[in-house]
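The block underneath contains the structure these notes are about, expressed in structure tokens.
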There are 2 protein chains.
Amino acid sequence: MNVPGVRPPLADEVVARLREAVASGRWGVGEKIPSEPELIAEFGVSRGTLREAIKALAHAGLFEVLRGDGTYVRATSEISGTAQRVFREHADEDVLQVRFALDTQAARLAAGSADTAVVAELRSLLARRRESWESGDYAAWSAADWEFHLRVAEASGNTLLHELYESFGDVFHGTKMVQRLEAGFDGCLATGHEELLEAIEAGDGEAAVRTVIANLDYCMGWMPGR
Amino acid sequence: MNVPGVRPPLADEVVARLREAVASGRWGVGEKIPSEPELIAEFGVSRGTLREAIKALAHAGLFEVLRGDGTYVRATSEISGTAQRVFREHADEDVLQVRFALDTQAARLAAGSADTAVVAELRSLLARRRESWESGDYAAWSAADWEFHLRVAEASGNTLLHELYESFGDVFHGTKMVQRLEAGFDGCLATGHEELLEAIEAGDGEAAVRTVIANLDYCMGWMPGR
DNA sequence: AAACATTAGACGTCTGATGTTTGTTACGGC
DNA sequence: GCCGTAACAAACATCAGACGTCTAATGTTT
């Protein structure tokens, strides 16, 4: 493809090696990566080149650079940072419609590959979700709710879909949900999630899609300005 | 929020200004942006800082840097580069399932906001698509086909969905389609697109969704390894 | 025990120099 | 007049060194 004499920018190679290090689990999410001088010694490049690589991945959401402290791993997929920046530039309604698209597909696929172990775990999550809501622990409710959706995406068997859910998490769930809680939100159809789980357990993809549609249609009613 | 004395990294501000310049159309897609010395003078930062900003946006797919030549604008949304890199790491089937999710939603929304002018344009595109196929001009067929899908996404009225389609274009359409053309592909349900257009014109969202499902189910049958 | 001062480490930025690649131009041969 | 080659200039790539600023940890004082 390329003439032997020409080589790609060194910084790109450093980006690839950093990406690979994160993907391989050398540094887990939340951990601090080695300091610049250490990485310079390891990769054998100058500080400027290393910083360009780190900056690119930090912009993509893989790293967070804290001046005076160090650089931390914030995600395993570098789509999160960019996606969140793009998503924030669009109306909440548009974002929810895209989530709707992914939710229905995740439900359909999850129903198609029903697994008793996964169903049991989902049931456990819904129990925790219900308890948190009734005890007024909104933070725990929010966490359990999102965990449920994430597991459904994982159960779809589509690794890309699962990765998208993990990356979009903060935008889909974290920021938006809280706003609605203040306004007398009632937990988004208390029985909606149970119905979805039943449809998944029964392996009925179309029924699963219907519950998601009903659920999100209801949610959409809580959108500001509608 | 922040103590007055602390300021964010300069490079981040340069990133924002470059992004804004592209978004505002100061440099169109395909154009060359000013050289590093010129931008240094404009922004009042050093080479290293400017290069970190450009590198971050180049990694995101907004720019392409050609050594010895210059830096060119390659997209208006910076999600494209990252998305394409992530998508390529997943199986074709997984990617098509995600596209399926977006396609059905785009069709549903487009049917909900039917517009005679848009319908006329879509019809014109389908005519061009059919002619290209019959005359054996696969390149033109592919372009018209993708243009049709893109316009449907635009007609949905959801700017985020439209932006995602533009960014994923190469992955969704460019690479994958060509492989199938070799194997005796027959144009993906010759009448599928016409039915979709009719459903959109009639404002029947559910019918539009059904045509997309039928269309992509058929396409899925051409996936390698299934 | 709490509040303050110090310090070492880490990232942020700038400057200057040199190497590589690419596009253009001028020159000489045909 | 055409064409290939060499020289030149422009632009990005990389390196090295220096200094500033911020953070977290430590030590000191009250």
Side-chain angles (χ1 to χ4, degrees), chain A residues 1-19 21-22 26-27 30-75 81, chain B residues 1-19 21-22 26-27 30-75 81:
Chain A
M1 193 73 73
N2 285 340
V3 181
V6 304
R7 50 188 165 73
L10 248 185
D12 289 357
E13 188 186 327
V14 176
V15 165
R17 292 180 67 174
L18 288 173
R19 247 169 62 89
V22 171
R26 174 179 168 188
W27 311 308
E31 282 182 48
K32 189 196 291 192
I33 74 174
S35 70
E36 290 178 353
E38 288 177 86
L39 291 175
I40 287 170
E42 176 177 343
F43 294 142
V45 298
S46 73
R47 192 161 168 231
T49 301
L50 173 69
R51 281 181 56 82
E52 281 180 19
I54 290 179
K55 192 75 184 177
L57 291 176
H59 185 73
L62 209 67
F63 293 144
E64 183 184 9
V65 183
L66 298 183
R67 148 204 228 158
D69 182 7
T71 300
Y72 295 80
V73 178
R74 289 293 181 239
Chain B
M1 190 74 74
N2 284 339
V3 182
V6 303
R7 47 192 163 72
L10 249 184
D12 289 357
E13 189 186 327
V14 175
V15 165
R17 293 180 66 174
L18 287 172
R19 249 169 60 87
V22 171
R26 173 178 168 187
W27 310 309
E31 283 182 48
K32 189 196 293 192
I33 73 175
S35 70
E36 289 179 351
E38 288 177 86
L39 291 175
I40 287 170
E42 175 176 344
F43 294 141
V45 298
S46 71
R47 274 187 269 299
T49 301
L50 174 69
R51 281 181 56 81
E52 282 180 19
I54 291 179
K55 194 76 185 175
L57 292 176
H59 185 74
L62 208 67
F63 293 145
E64 183 183 10
V65 182
L66 299 183
R67 173 160 47 192
D69 182 5
T71 300
Y72 295 80
V73 178
R74 288 294 180 236

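We name chains A, B, ... by the order of the sequence lines, and we start the count at 1 in each one. This structure is a prediction, so every number in the text was calculated from the model and none was measured.
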Decide if atom CZ of Arg17(A) counts as having more than 12 heavy atoms of other residues, nucleotides or ligands within a radius under 6.0 Å. yes
To the nearest 0.5 Å, tell me how far Lys55(B) NZ sits from Thr49(A) OG1. 9.0 Å
Whole-Å distance between dA18(D) C1' and Ile40(A) CD1? 14 Å
Would Arg26(B) and Glu42(B) pass as an ion pair if we require N to O under 4.0 Å? yes
Under 4.0 Å protein heavy-atom contact, by nucleotide of nucleotides 11-16 of chain C - B base, S sugar-phosphate only: BBBBBB
Decide yes or no on side-chain hydrogen bond (donor to acceptor under 3.5 Å, both in side chains) for Ser35(A) and Glu38(A), but give the supporting numbers first. CA-CA 5 Å; Ser35(A) 70; Glu38(A) 288 177 86; 3.1 Å; yes
Holding to side-chain contact (heavy atoms from CB on, under 4.5 Å), I want the full list of residues that pass it with Glu31(B), two or more places apart in sequence or in another chain. none
